Amino acid sequence: MSRRLRTAVSAVLIALACLLLPFGALAVWAAYGLTDTGRYVSTMAPLASDPAVRDEVVDTVADGILRRAAAEQRRPLHPEVAPFVRDAVRSFTGTPAYRRVWDAGHEEAHRAVMTALRDDRGGRVTVDLAPVATRLERQLAADHVPFAGRLPIPHTRVVLLPADDLAALRKGYHVLDLAALWLPLAAVALAVTGITVAACRRRALTATALGTALGGAFLALAVLLGRHLTLADLPDQSHRPAAAAVYDALTATLRTASWALLALGAAVAAGVWLARRVRVRRFPPVHPPGSVDAGATVPLGLHPGTRPLRPPTRPTR
């Protein structure tokens, strides 16, 4: 294989590896970071104390309690009731019982969704929130929250995913599961092969490192763009702080992976460059006999290694 052909094949393989690397990181994050129930609950647990999320929970629960209480009494409530209910619900969101209810609700919902995605049988995905609602009502009643028994959480099964969307979601989940395994392996195999067949492995390694750093930057940019699009699509802009907190919590691992790829690629490229500089200084190139040094000047019209012609001399008498 000629040197030019080896360089071209190496460039194609390294470009494919650098292209697959961010997609492989995205697939691994989605397949193993979002599908594990314990990891998902641990990720969502800190959001229970997030100010924006707490405000959203207080508004939702308090508005539901007041709405149901007014409907049952068939007359407007006293103006002083609403602030008292909101303060009581906000006080409850700072207790350990609220965090346990928060974790239990997310665990039940996530477990139901993942069971439906992994099992090809069954229809729509539902979750029974009655146990969670019962614990919440008991704690609110213990905290003397007015109308705690009218908490607007139905004691029925709540639909999480309709039956019409399950087929496409299951297919996408299976494809994602395969991509999380094969995309990183393919990226590593292509990168190693590209460096091996390269005519100049040092340059191939530098190109791979820079491509890895570029892939990490592309992944970080994609996360930021996804955040902007997600928040922009919300119909009610008042929900943006809570939605931003949830998005940031779910993509924290992906952001870390993107910065890790960027740092790793930049570090390897800098290491290769420094290693070459040190090697050149410690072992300067040796010029063979007859060659011209880099700083030497060559007379015009002469090639390196040739001696200038001497002018003819007259014979002496």
Side-chain angles (χ1 to χ4, degrees), residues 1-40 42-43 114 117-118 168-230 247-277 279:
M1 187 182 296
S2 64
R3 183 181 182 88
R4 182 175 299 178
L5 181 59
R6 291 174 59 187
T7 302
V9 172
S10 174
V12 172
L13 293 177
I14 291 175
L16 289 176
C18 296
L19 183 63
L20 292 179
L21 192 59
F23 291 100
L26 180 63
V28 170
W29 164 77
Y32 300 108
L34 297 181
T35 60
D36 184 80
T37 301
R39 189 176 294 111
Y40 173 80
S42 300
T43 301
M114 295 312 304
L117 293 179
R118 291 166 179 164
L169 291 175
R170 284 169 179 163
K171 185 180 297 184
Y173 171 74
H174 293 312
V175 171
L176 188 64
D177 198 19
L178 292 175
L181 175 63
W182 292 108
L183 281 183
L185 294 178
V188 173
L190 289 173
V192 172
T193 306
I195 295 173
T196 303
V197 303
C200 181
R201 295 179 179 175
R202 177 183 58 80
R203 293 181 180 178
L205 181 59
T206 302
T208 305
L210 293 178
T212 301
L214 186 62
F218 169 76
L219 186 58
L221 183 62
V223 173
L224 292 178
L225 181 61
R227 186 180 191 273
H228 173 73
L229 295 177
T230 300
Y247 184 92
D248 293 340
L250 291 177
T251 58
T253 305
L254 189 59
R255 291 198 308 272
T256 302
S258 64
W259 288 111
L261 291 176
L262 179 60
L264 177 63
V268 172
V272 173
W273 181 79
L274 289 176
R276 175 168 174 76
R277 296 283 296 179
R279 182 179 180 181

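Computed over heavy atoms, backbone and side chain alike; hydrogens, waters and symmetry mates excluded. As the structure is a prediction and not an experimental result, all values here were calculated from the model.
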Min side-chain heavy-atom separation R227-D248 under 4.5 Å =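 A side-chain contact exists here, since the closest heavy-atom pair is under 4.5 Å.
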
ask   = Can you check whether Y40 reaches T43 side chain to side chain, under 4.5 Å on heavy atoms?
value =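 A side-chain contact under 4.5 Å is absent here.
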
Considering all heavy atoms, the nearest [X]-[Y] contact:
{"X": "G226", "Y": "T230", "result": "O-OG1, 2.7 Å"}
{"X": "P22", "Y": "L219", "result": "O-CD1, 4.0 Å"}
{"X": "L190", "Y": "A17", "result": "CB-CB, 3.8 Å"}
{"X": "P184", "Y": "A179", "result": "CD-O, 3.6 Å"}
{"X": "A27", "Y": "L176", "result": "CA-CD1, 3.9 Å"}
{"X": "A180", "Y": "V28", "result": "O-CG2, 3.4 Å"}

key: Atom pair CG/CG of L21 and L26 - distance to nearest 0.5 Å   = 11.5 Å

Side chains of residues 257-277: which donor-acceptor pairs under 3.5 Å do they make with residues two or more places apart or in other chains?
residue : atom : partner : partner atom : Å
S258    : OG   : R255    : O            : 2.6

Review item, side-chain donor-acceptor pairs of residues 211-218, under 3.5 Å, at least two apart:
residue : atom : partner : partner atom : Å
T212    : OG1  : T208    : O            : 2.8

inquiry  = Tell me if the OH atom of Y173 is crowded by more than 12 foreign heavy atoms within 6.0 Å.
reply    = yes

Show which side-chain atoms of residues 196-205 pair as donor or acceptor with protein atoms under 3.5 Å away, not counting sequence neighbours.
residue : atom : partner : partner atom : Å
T196    : OG1  : V192    : O            : 2.7
R201    : NE   : T196    : O            : 3.4
R201    : NH2  : T196    : O            : 3.3

query = T251 side chain to L254 main-chain N or O, any donor-acceptor pair under 3.5 Å?
reply =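 Not at all, since once roles are kept as given, no pair shorter than 3.5 Å links the two residues.
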
